[in-house]
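To keep things clear, I will list the structure first and then write my remarks on it.
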Amino acid sequence: MIPYGRQCIDDDDIQAVTQVLRSPWLTQGPVVQDFEKALAAKVGAQYAVALSNGTAALHLTCLALGLGKGDYLWTTPLSFVASANCGLYCQAQVEFVDIDPASRNICPVKLADQLAQAKTANILPKVLVVVHFAGLPCDLKPIRELTDHYGICLIEDAAHAIGSLYEGSAIGSGAYSDATIFSFHPVKTLAAGEGGAVLTNDVQLAAKVRKLASHGVERDSEHWQSPPAAPCYYEQQALGFNYRLSDIHAALALSQLNKLDVFVEARREKAAAYLKGLLDTPLQLPVEPSNCYSAWHIYVVTFESSEVRDRCYETLREHDIFTNVHYIPIHKQPLYRPLARYFGSHFPNAEQHYARSLTLPLFVTLTEQEQAHVITCLKESL
Ligand SMILES: *Cc1c(COP(=O)(O)O)cnc(C)c1O
């Protein structure tokens, strides 16, 4: 059986986790801080806050940016539901901007057009969440120019893109955004079991996220609002959550982070092998513009019709090759369908992508023989 994705765990990872299990700290210990420091250094951001998952990272970033009732959050319809749900968690309204069919990322031209309309209607978003689909960075320069022009906060949902570069800077460095979130779910490039992080260069944003991740409780006496009434005093200053990452998870995440470059290199080799093997087919293959370096979280090909796609999916399954579909456009979900949106419910590029695409197996331990088998079976079923 060949799945579409699979984590890569070695003896170092296992040892890192068992070390924590033998230590006094299973959570709120030193490994979380070690991981945060290493992650911030790796991507070139000033602050990293480790959290229980990527969804929590999106939620808290939105809250810390002040997103609330009466506000709008915009995102791409071609993502996992979490990219939009963070808006609903904050009681904001969610609007979508269609993708560019070549990059599969939010389309900067459509974004510019929609923002101009929103300005006239006085419904500009407070927050824009962009997604680096499949690991390919969005065109951040023109997007940042737009968000700066209109005074919008920009969050990079980089669940797919740890290890990717845009214009030579690492995704997560915050060169073009207010904050970046990562996920360490096992289907992503780094696996912590569950895990996530917020990366930012804004000291106050980092502090807000950190506090909200631990119930909204402030333990630092410098930031208390009243003098301590008793020993072991702490203050709850906001309604926060328990979104902390445990040291057990952090140990795995840190051990995996040490291998990020190796993982990305392996993924890039396999992406190149797909490109070579599938170039002479009618498939639309993913692109990598020269100013981008993709970590290739997934390899998504587009067929000429949904009939061919469905047939290939079935044929590959008969060969024990399991592909996937990324994603059902969020606006098509039963939760989102009835929600009123100024910009409507039709995003043809995302819908076309959904109808005609498949995600092929791509993971670090996929062997050359397995990949050759996938390519052969796919070609035969076209
Ligand atoms: C996986 C994913 C998330 C959510 O991350 P979790 O760690 O599973 O909560 C958010 N956005 C995108 C684009 C994702 O792929």
Side-chain angles (χ1 to χ4, degrees), residues 4-7 32 35 39 48-63 73-90 94 96-97 99 103-106 127-138 140 154-164 171-172 177 179-199 209 212-213 241-246 248-250 252-253 256-257 267 286 294-300 324-331 333 335-336 350 353-354 357 359 362-363:
Y4 91 92
R6 178 187 281 157
Q7 70 270 19
V32 172
F35 172 57
L39 181 62
V49 184
L51 297 167
S52 50
N53 55 67
T55 305
L58 284 166
H59 182 190
L60 294 192
T61 305
C62 287
L63 276 181
L73 175 144
W74 288 15
T75 190
T76 165
L78 189 69
S79 185
F80 185 54
V81 291
S83 307
N85 287 349
C86 54
L88 298 187
Y89 292 158
C90 299
V94 174
F96 300 99
V97 182
I99 58 162
S103 69
R104 288 95 173 234
N105 284 328
I106 198 163
V127 170
L128 173 67
V129 176
V130 296
V131 176
H132 305 305
F133 183 85
L136 180 70
C138 293
L140 287 167
L154 179 57
I155 302 175
E156 293 172 67
D157 178 343
H160 297 187
I162 193 162
S164 296
I171 292 298
S177 66
T180 303
I181 76 95
F182 292 128
S183 163
F184 311 115
H185 185 279
V187 300
K188 313 295 160 84
T189 299
L190 300 185
E194 295 281 358
V198 177
L199 282 291
V209 168
L212 287 169
F241 305 84
N242 181 351
Y243 279 170
R244 293 183 304 252
L245 189 71
S246 80
I248 303 169
H249 293 88
L252 183 50
Q256 290 260 300
L257 181 65
R267 287 176 172 278
S294 174
W296 292 102
H297 162 56
I298 45 178
Y299 196 89
V300 182
N324 209 318
V325 176
H326 292 97
Y327 290 94
I328 304 165
I330 302 172
H331 64 281
Q333 294 289 355
L335 176 69
Y336 281 87
H353 172 92
Y354 167 56
S357 295
T359 302
L362 177 64
F363 47 92

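Computed from a predicted model, the values in this text were never measured in an experiment. Counting convention: from 1, in listed order, for ligands and their atoms alike. Quick note: numbers below take in every heavy atom, side chains included, and nothing from hydrogens, waters or symmetry partners.
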As a test of reading the model: which N/O atoms of the protein lie under 3.5 Å from N/O atoms of ligand 1, and at what distance?
{"residue": "ligand 1", "atom": "5 (O)", "partner": "Ser183", "partner atom": "OG", "Å": "3.3"}
{"residue": "ligand 1", "atom": "7 (O)", "partner": "Gly54", "partner atom": "N", "Å": "2.8"}
{"residue": "ligand 1", "atom": "7 (O)", "partner": "Ser183", "partner atom": "OG", "Å": "2.7"}
{"residue": "ligand 1", "atom": "9 (O)", "partner": "Gly54", "partner atom": "N", "Å": "3.3"}
{"residue": "ligand 1", "atom": "9 (O)", "partner": "Thr55", "partner atom": "N", "Å": "2.9"}
{"residue": "ligand 1", "atom": "9 (O)", "partner": "Thr55", "partner atom": "OG1", "Å": "2.5"}
{"residue": "ligand 1", "atom": "11 (N)", "partner": "Asp157", "partner atom": "OD1", "Å": "3.3"}
{"residue": "ligand 1", "atom": "11 (N)", "partner": "Asp157", "partner atom": "OD2", "Å": "2.7"}
{"residue": "ligand 1", "atom": "15 (O)", "partner": "His160", "partner atom": "NE2", "Å": "3.0"}
{"residue": "ligand 1", "atom": "15 (O)", "partner": "Lys188", "partner atom": "NZ", "Å": "2.9"}
{"residue": "ligand 1", "atom": "15 (O)", "partner": "Tyr327", "partner atom": "OH", "Å": "3.2"}

From CD1 (Ile171) to CG (Leu136), nearest 0.5 Å
9.0 Å

Mind listing the closest non-hydrogen atom pair of Lys188 and Arg267 along with its distance?
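That would be O-NH2, 4.2 Å.
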
If you look at every heavy atom in Ala56 and Asn53, which pair is closest and at what distance?
N-OD1, 2.7 Å

State yes or no: are the ring centers of Phe80 and His185 separated by less than 6.0 Å?
no

Are His59 and Tyr243 close enough that their ring centers fall under 6.0 Å?
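For His59 and Tyr243, the ring centres are under 6.0 Å apart.
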
Under the rule for side-chain contact (heavy atoms from CB on, under 4.5 Å), what residues qualify as partners of Ala50, not counting sequence neighbours?
Val32, Phe35, Glu36, Leu245

